[in-house]
Amino acid sequence: MLLVIDQKIEGEVRERMLVSYYRYSAARSSADSNLDDICKLLRSTGYSSQPGAKRPANYPDSYFQRVPISATFTSMVIGRLRSDDIYNQVSAYPLPEHRSTALANQAAMLYVCLFFTPSILHTQQAKMREIVDKYFPDNWVISIYMGITVNLVEAWEPYKAAKTALNYTLDSANIKEQATRYAASLESQRPQVQQLLKEGFLREEIILDNIPKLLNCLRDCNVAIRWLMLHSAESAYDPNNKRLRQIKDQVLNDSKYNPKILFQLLLDTAQFEFTLKEMFKQMLSEKQLKWESYKKEGSERMTELAEVFSGVKPLTRVEKNENLQAWFREISKQIESLNYEDSTAAGRKTVQLIQALVEVQEFHQLESNLQVCQFLADTRKFLHQMIRTINIKEEVLITMQIVGDLSYAWQIIDSFTTIMQESIRVNPSMVTKLRATFLKLASALDLPLLRINQANSADLLSVSQFYSGELVAYVRKVLQIIPESMFTSLAKIIKLQIHDIMEVPTRLDKDKLKDYSQLGARYEVAKLTHDISIFTEGILMMKTTLVGIIKVDPKQLLEDGIRKELVKRVAFALHKGLTFNSKAKPSELMPKLKDMAATMDGFYRSFEYIQDYVSIYGLKIWQEEVSRIINYNVEQECNCFLRTKIQDWQSVHQSTHIPIPKFAPVDESATFIGRLCREILRITDPKATCYIDQLNTWYDLKNHQEVTNNRLFSEIQNTLGTFGLNGLDRLLCFMIVKELQVIIVPVRQNNTLKLCCGFLGNANKVYANAVAKSQKIWGSYLEAIMKVGQMQILRQQIANELNYSCKFDSKHLAAALENLNKSLLADIEAHYQDPTLPYPKEDNTLLYDITAHLEAAGIHNPLNKIYITTKRLPYFPIINFLFVIAQLPKLQYSKNQGMTCRKATDPVDWPPLMLGMLTLLKQFHSRYTQQFLALIGQFIRSIMDQCTSQKIPDMPSDVVGALMFLEDYVKYTKLSRKVVEAHVPSFTFDEFRTIL
């Protein structure tokens with residue numbers, strides 16, 4: 001455990017963990033806390049698992065000596081490990097050349113325990129020689145626990161006695177002998193195992209007759225695989241150590257090491273082991289039933305023969321013989337008396353009965369009668385089957401379990417992943433053999449769970465879950481090649497369907513039939529589709545398998561694999577496709593959206609096309625995964641506006657098995673959705689464009705060319721779907737919040753104007769002075785207000801597009817949502833009029849849930865939304881009023897376009913200004929809006945009064961602008977005209993309309 005801790009968790013990290021635990025744990029105040037001992041044991045050793053890192057002096061001896069253990073006790077443990085077969089493994093490996101494999105677990109224990117008594121390693125040469133001769137005569141790379149490999153050459157380098165004792169094992173002649181021996185074993189076992197795996201070869205009688213031979217074959221294969229895997233593993237040799245490099249090169253050369261051949265033998269051995277185990281389990285479960293059946297058949301045959309010799313049963317040329325009749329009856333009774341429970345006695349007696357039946361045939365000249373001979377032969381056969389059946393013992397399964405242990409390859413197996421994937425790509429049916437290999441690897445779980453189980457520990461489930469999860473993750477990793485290969489074929493299908501195959505029209509002229517047939521392209525699509533279905537078949541052949549304690553369903557595995565590959569490719573396409581050059585003229589936005597829409601449509605169509613061939617619900621997978629990708633990217637983009645970021649492990653959209661890839665940002669935006677949003681904001685910037693509300697179009701201020709219009713949002717809908725528009729809307733909300741927070745800074749007290757109902761004398765001068773005093777703050781204020789207004793226009797357009805598409809694509813959903821919304825609002829209004837009526841409680845999420853659905857369907861008004869919480873700002877209406885009248889001189893009224901910018905050099909766009917102001921006022925109490933409207937009304941009345949007294953016939957442009965503001969206020973807020981007529985007389989509006 002100490003070695004694993006040091007390898008997996010760096011010393012510095014351990015120390016920081018202990019410090020943080022000490023700081024935040026209540027245990028430090030406890031008198032009986034053992035934290036000091038734990039700190040002493042687990043403080044940094046200076047060891048680093050990084051390649052090329054130097055080993056600290058006296059490591060791991062000094063590490064193990066931090067907690068002293070009795071020298072007598074360690075000496076006794078080492079003594080037992082040196083001399084005895086503690087784990088009783090030798091019985092499973094009777095051959096002397098397999099001895100080191102049989103004692104491998106014990107050798108690993110001994111390797112670790114020797115560090116507790118380093119004097120043996122340093123000076124006791126005789127003991128070390130004995131240990132090496134018994135445990136390491138033919139191996140120097142050992143697995144100490146769950147695939148953690150140790151090279152003794154490196155580990156025992158600082159210890160003189162150990163190093164000297166190991167020299168014989170590392171003699172080049174010995175290395176050559178071992179490498180060639182195992183290479184020869186590999187060559188001889190491969191054809192043998194392949195022969196045994198041939199269809200129909202492994203039958204019950206062959207297994208029962210050849211149990212020792214089959215077990216020997218399994219032993220030889222597993223021992224060869226173990227030696228070659230461990231001694232050729234990259235992780236066992238430090239590339240910076242010259243001697244290790246030489247040993248490794250010699251092993252690879254002398255054994256003619258070929259990882260593909262070794263892997264093939266591993267596959268075949270695993271399949272052979274799995275088949276044999278399953279058949280043996282079946283035979284074991286049916287053992288008693290079959291034995292009783294054979295006993296009954298044999299006894300009945302003898303009874304029938306007794307009856308034949310009684311002379312009662314007519315049988316051709318059989319004379320009555322009372323002696324034989326009595327003898328056969330006795331044999332029948334003897335067979336009947338055989339006891340299943342006492343297998344040894346039953347076996348011995350069965351052999352005697354067979355011998356007796358052979359002798360009776362010879363001594364009584366019964367060969368002449370074929371029917372009697374047949375009866376005797378059948379009975380002998382049944383008795384033979386009884387002997388075979390009684391020899392089916394559980395010990396065979398236990399031996400197979402011991403011999404088939406693959407725990408040493410828990411980490412090394414990863415180096416064979418590419419070979420596995422390549423072989424699956426070439427032959428998808430290979431998955432069935434891989435299933436057996438994964439099950440063989442699952443047997444490694446017995447090692448960590450054995451002692452936990454024996455101790456009845458509560459950790460059994462969590463440890464099982466961890467290792468099973470690790471193995472299932474590895475299975476997923478290997479089998480991911482199938483979805484990858486499928487999508488490679490799918491990419492070709494997409495290309496053919498988009499670029500090559502023409503859409504067949506509903507009406508087609510006969511003479512054009514040949515042009516539309518496109519046989520070559522259609523054949524190619526059919527061939528690729530067939531390849532995809534073959535891959536699917538390959539994974540589905542795997543059958544539901546229990547890996548550790550996790551059930552692996554191949555259909556689910558395939559679906560998850562397809563989802564993972566789909567997510568990877570769609571996310572990459574969106575990342576690459578939605579990257580914009582901000583200096584491009586005209587903007588790249590529409591062309592890139594069109595290209596992206598074609599790419600997404602290609603994915604969608606091809607996915608729809610193959611769903612029946614791979615037996616999946618394509619549309620469901622498509623919608624779920626695309627929505628997950630977009631929502632995750634929106635979430636990551638919104639993180640930059642949040643104090644507490646949502647990490648990947650907290651995200652509801654991120655998944656362990658089907659992860660959404662994260663790409664490095666290419667500009668200030670974190671994701672593609674941010675780049676898209678900022679590009680839209682850039683091209684519709686109120687400083688450079690003019691928005692015409694009636695046309696839903698943006699025009700360039702300088703050359704009056706159209707920049708973009710509401711078709712942009714239809715294109716986004718085509719590209720990213722409803723999820724994309726919804727995500728964009730959510731991101732704009734965060735941006736609006738940020739801008740509103742910039743606007744609401746502590747405002748200076750400004751009591752230049754008093755709120756009154758009358759007129760201001762010398763109004764022009766008063767207002768001009770007030771505006772001049774506050775002129776400095778208007779630059780940043782105007783920019784922020786215009787940004788908010790611009791984003792509100794975009795939100796309105798998104799809502800319109802969402803509502804339009806919802807009514808077209810899901811009219812029933814749209815109608816249901818509208819009616820539910822109206823009825824809820826009616827109920828809430830009724831509750832406020834009569835509090836006894838029902839209202840959703842605090843813990844009821846109905847209103848929250850319905851809001852999400854309404855926003856997704858575009859049934860909402862962005863202008864009515866409260867974005868931020870605000871405090872009381874007494875002078876806020878006055879400041880906003882001054883801001884509005886300060887902007888009026890920059891605008892002019894045009895009959896065709898409404899309020900437009902006077903000079904292109906000092907740009908102010910009316911709709912963003914108007915909507916930004918409305919949004920800002922909406923964040924405060926309604927009385928502020930009333931005060932603000934009252935100030936506008938006072939401004940209009942005062943200026944008009946001054947004009948009348950000075951006999952100026954035309955209505956001043958500032959008054960026209962202020963009246964226009966009130967008109968648009970009523971239009972956008974959908975309020976009654978009485979709201980503004982309370983502050984401005986209706987005749988003023990009538991006069992204003994004559995100008996319009």
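Under a cut-off of 6.0 angstrom, the local environment of CZ in R711 is sparse, with at most 12 non-hydrogen atoms contributed by other residues, nucleotides or ligands. Surrounding CE of M17 are at most 12 heavy atoms belonging to other residues, nucleotides or ligands under 6.0 Å away. No more than 12 heavy atoms of other residues, nucleotides or ligands shown are found within 6.0 angstrom of OH on Y804. Around CZ of F572, the count of heavy atoms belonging to other residues, nucleotides or ligands within 6.0 Å does not exceed 12. Residue-environment remark: NE2 (H831) exceeds the threshold of 12 foreign heavy atoms within 6.0 Å.
Ring orientation note: the planes of Y839 and Y832 are nearly perpendicular, at an angle over 60° on the 30°/60° scale.
Using a distance-only test at 3.5 Å, with no hydrogens or angles considered, a donor-acceptor pair links the side chain of T579 to the main chain of H575. Although no hydrogens or angles enter the test, the distance criterion places a donor-acceptor pair under 3.5 Å between the side chain of T719 and the main chain of L593. Put simply, the side chain of N639 gets close to the backbone of I646: a donor and an acceptor are under 3.5 Å apart. Side-chain atoms of E637 come within 3.5 Å of backbone atoms of T671 as a donor-acceptor pair (strictly under, hydrogens ignored).
For the side-chain contact (heavy atoms from CB on, under 4.5 Å) criterion with L920, the lone passing option out of V788, I868, N880 is N880. The side-chain contact (heavy atoms from CB on, under 4.5 Å) test with V980 is passed by exactly one of V970, L975, I936: V970. The only option from R675, R678, R682 that meets the salt bridge (charged side-chain N to carboxylate O under 4.0 Å, His left out) definition with E668 turns out to be R678. F932 pairs with exactly one of F876, Y969, F883, F965 by the ring pair (Phe, Tyr, Trp, His ring centres under 6.0 Å) rule, that one being F965.
Judged as a side chain to side chain donor-acceptor pair (under 3.5 Å), not a single pair has a partner in residues 807-823 (not counting sequence neighbours).
Nearest approach of V908 to K890, heavy atoms of both residues: CG2-CD, 3.6 Å. The minimum heavy-atom distance linking Y699 with H704 is given by the pair CD2-O, 3.7 Å. The shortest non-hydrogen separation linking N803 to G858 is ND2-O, 3.3 Å. Considering all non-hydrogen atoms of both residues, I630 and F723 come closest at CG2-O, 3.6 Å. Nearest heavy atom pair, residue L731 against residue G674, reads CD2-CA, 3.9 Å. Among all heavy-atom pairs drawn from P907 and C901, the shortest one is CA-SG, 3.6 Å.
How far CD1 of I798 is from NE2 of H860: 8.5 Å, rounded to the nearest 0.5 Å. A distance of 10.0 Å separates CG of N633 from NZ of K662, quoted to the nearest 0.5 Å. Going from atom CD of Q797 over to atom CG of D729 covers 12.0 Å, rounded to the nearest 0.5 Å. The distance from the CD atom of E635 to the CD1 atom of I660 is 9.0 Å, given to the nearest 0.5 Å. For the atom pair CE of M899 and CG of L891, the computed distance is 5.0 Å after rounding to the nearest 0.5 Å. Within the model, atoms OG1 of T684 and CE of M791 stand 9.5 Å from one another, a figure rounded to the nearest 0.5 Å.
Here the side chains of M735 and L681 are in contact, with some heavy-atom distance below 4.5 Å. You'll find the side chain of R795 reaches within 4.5 Å of the side chain of K865, heavy atoms only. Counting heavy atoms from C-beta outward, L574 and M600 have side chains that approach closer than 4.5 Å. The shortest distance between side-chain heavy atoms of K568 and Q480 does not fall below 4.5 Å. Between L935 and V884 the shortest side-chain heavy-atom distance does not fall below 4.5 Å. The closest side-chain heavy-atom distance from E801 to L725 is below 4.5 Å. Taking the side chain as every heavy atom from C-beta outward, V742 and K787 never approach each other to under 4.5 Å. The shortest distance between side-chain heavy atoms of V567 and Y632 does not fall below 4.5 Å.
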Intermediate values then yes/no, side chain to side chain contact (heavy atoms under 4.5 Å, CB included), Q930 and H983: CA-CA 9 Å; Q930 290 302 321; H983 306 291; 3.7 Å; yes

CA sep, side-chain torsions, deciding dist, call: K971, E967, salt bridge (charged side-chain N to carboxylate O under 4.0 Å, His left out): CA-CA 6 Å; K971 175 181 141 188; E967 281 279 350; over 6 Å; no

Steps toward side chain to side chain contact (heavy atoms under 4.5 Å, CB included) verdict (Y867, K922): CA-CA 9 Å; Y867 292 94; K922 187 73 183 172; over 6 Å; no

Side chain to side chain contact (heavy atoms under 4.5 Å, CB included) between F580 and S587, worked out: CA-CA 8 Å; F580 307 97; S587 169; 5.7 Å; no

Stepwise side chain to side chain contact (heavy atoms under 4.5 Å, CB included) check, F603 with I494: CA-CA 7 Å; F603 275 124; I494 292 170; 3.9 Å; yes

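T870 and Q923 share no side-chain donor-acceptor pair at under 3.5 Å. Y972 and N861 form no side-chain donor-acceptor contact under 3.5 Å, judged by distance and modelled atom types alone. In this structure, a donor-acceptor pair under 3.5 Å is absent between the side chains of N726 and T722. Side-chain atoms of T919 and Q792 include a donor-acceptor pair closer than 3.5 Å. Counted by atom type alone, Q556 and D560 present one or more donor-acceptor pairs between their side chains at under 3.5 Å.
With sequence neighbours left out, the side-chain contact (heavy atoms from CB on, under 4.5 Å) criterion links L619 to Y604, Y617, Q623.
Checked for salt-bridge contact, R563 and E624 meet the test: a charged N lies under 4.0 Å from a carboxylate O. A salt bridge links E12 with R16: at least one charged nitrogen is closer than 4.0 Å to a carboxylate oxygen. At a threshold of 4.0 Å, the pair E783-K687 counts as salt-bridged, since one of the basic side-chain nitrogens sits closer than that to a carboxylate oxygen.
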